[in-house]
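Read the structure below first, then the notes.
Labels below follow one simple rule: chain letters A, B, ... track the order of the sequence lines, proteins then strands, and each chain is numbered from 1.
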Amino acid sequence: MVSEFTKIVIDLIQSIPKSKVLTYGRIAKLAGNPQGARQVSWILHSSTKKYNLPWHRVINSKGNISLKTESEKQDQKFLLLKEGVKFCGEYQIDLANSMWNIESIDKIKEDKK
DNA sequence: AACCTGACGAAGA
DNA sequence: TTCTTCGCCAGGT
């Protein structure tokens, strides 16, 4: 049984356009749970393989890559750079430039109905 | 079954 | 401004 929240999160992530990124908190909020950023991380962790999600387009609210290991961070940075995302620090993304300005979460929701 | 953990984040101290 | 606490909740131990 997958919760509504989870479904929206997955749809949202799959909808992130190339060279754009979203933050955990932003996703959680859009999915209807402003405090659910943490769930977003485990959804990502557990569903990336199943749904083939662009996990690398999801970062934390500071615009940072927050993975555990260096090699993983480098992987993500590489993937983002390849798409044209700009960095303004070692693992610091230029949010003003790359944040996905999602305007219609409602559209995604409607598509699902 | 109880307890811990997590690729997070906002709010309080 | 940095540090701690608490909310969220599925999955693993």
Side-chain angles (χ1 to χ4, degrees):
Chain A
M1 175 58 190
V2 192
S3 71
E4 187 65 21
F5 177 77
T6 300
K7 282 191 275 186
I8 297 177
V9 168
I10 292 174
D11 288 338
L12 259 178
I13 296 173
Q14 289 178 325
S15 305
I16 302 175
K18 188 181 173 188
S19 84
K20 290 293 176 185
V21 298
L22 271 188
T23 64
Y24 295 94
R26 201 68 181 283
I27 292 170
K29 193 173 177 183
L30 291 168
N33 187 345
Q35 313 285 171
R38 219 170 171 185
Q39 279 91 278
V40 177
S41 70
W42 63 251
I43 288 171
L44 225 48
H45 210 77
S46 61
S47 305
T48 294
K49 292 164 191 166
K50 292 190 216 169
Y51 302 92
N52 202 21
L53 301 177
W55 59 274
H56 55 281
R57 297 184 188 138
V58 184
I59 59 181
N60 70 23
S61 69
K62 300 178 201 118
N64 256 227
I65 289 177
S66 62
L67 292 177
K68 302 189 293 184
T69 70
E70 278 300 306
S71 66
E72 286 176 315
K73 287 183 179 178
Q74 285 172 12
D75 283 348
Q76 181 165 10
K77 183 179 182 181
F78 176 72
L79 288 170
L80 290 172
L81 282 175
K82 214 167 65 170
E83 297 187 345
V85 172
K86 291 177 184 173
F87 280 69
C88 49
E90 194 54 21
Y91 294 115
Q92 172 76 45
I93 286 164
D94 183 0
L95 273 186
N97 216 21
S98 303
M99 173 70 77
W100 183 28
N101 291 316
I102 179 166
E103 287 150 26
S104 52
I105 168 64
D106 290 335
K107 183 174 180 303
I108 293 175
K109 283 183 181 173
E110 288 307 315
D111 287 348
K112 283 291 135 188
K113 287 180 182 173

- Query: So what does A:G25 touch, heavy atoms closer than 4.0 Å: a base, only the sugar-phosphate, or nothing?
  - Reply: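 Sugar-phosphate, no base atom in range.
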- Item | Integer angstrom distance from the P of C:dT5 to that of B:dC4 | 16 Å
Would the distance check show the side chain of [X] and the main-chain N or O of [Y] forming a donor-acceptor pair, the cut-off being under 3.5 Å?
X	Y	result
A:N33	A:Q35	yes
A:K20	A:N97	yes
A:S47	A:K50	no

Rounded to whole Å, please give me the gap between [atom1] in [X] and [atom2] in [N].
X	N	atom1	atom2	result
A:I10	B:dA7	CD1	P	18 Å
A:I65	B:dC8	CD1	C1'	15 Å
A:I43	B:dC8	CD1	P	13 Å
A:L44	B:dA7	CG	P	11 Å
A:Q35	C:dC6	CD	P	14 Å
A:W42	B:dC4	CH2	C1'	16 Å
A:L79	B:dA7	CG	C1'	14 Å
A:H45	B:dC8	NE2	C1'	14 Å

- Message: Counting neighbours of NZ on A:K29 that are heavy atoms of other residues, nucleotides or ligands and sit closer than 6.0 Å, is the number greater than 12?
- Response: no
- Nearest heavy-atom pair of A:A28 and A:G36: which atoms, and what distance?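 Answer, listing the atom of A:A28 first, then A:G36: CB-C, 3.5 Å.
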Consider the side chain of [X], meaning its heavy atoms from C-beta on, and name the nucleotide among [options] that approaches it most closely.
X	options	value
A:S61	B:dA7, B:dA10, C:dA10	B:dA10
A:N33	B:dG9, C:dC9, B:dA7	C:dC9
A:Q39	B:dG9, B:dA7, C:dC9	C:dC9

- Query: Would you say a side-chain N or O of A:S66 is under 4.0 Å from OP1 or OP2 of B:dC8?
  - Reply: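 Yes, within the criterion.
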- Closer to the 5' end of DNA chain C via nearest nucleotide, is it A:A37 or A:T6?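 By nearest-heavy-atom nucleotide position, the 5'-most residue is A:A37.
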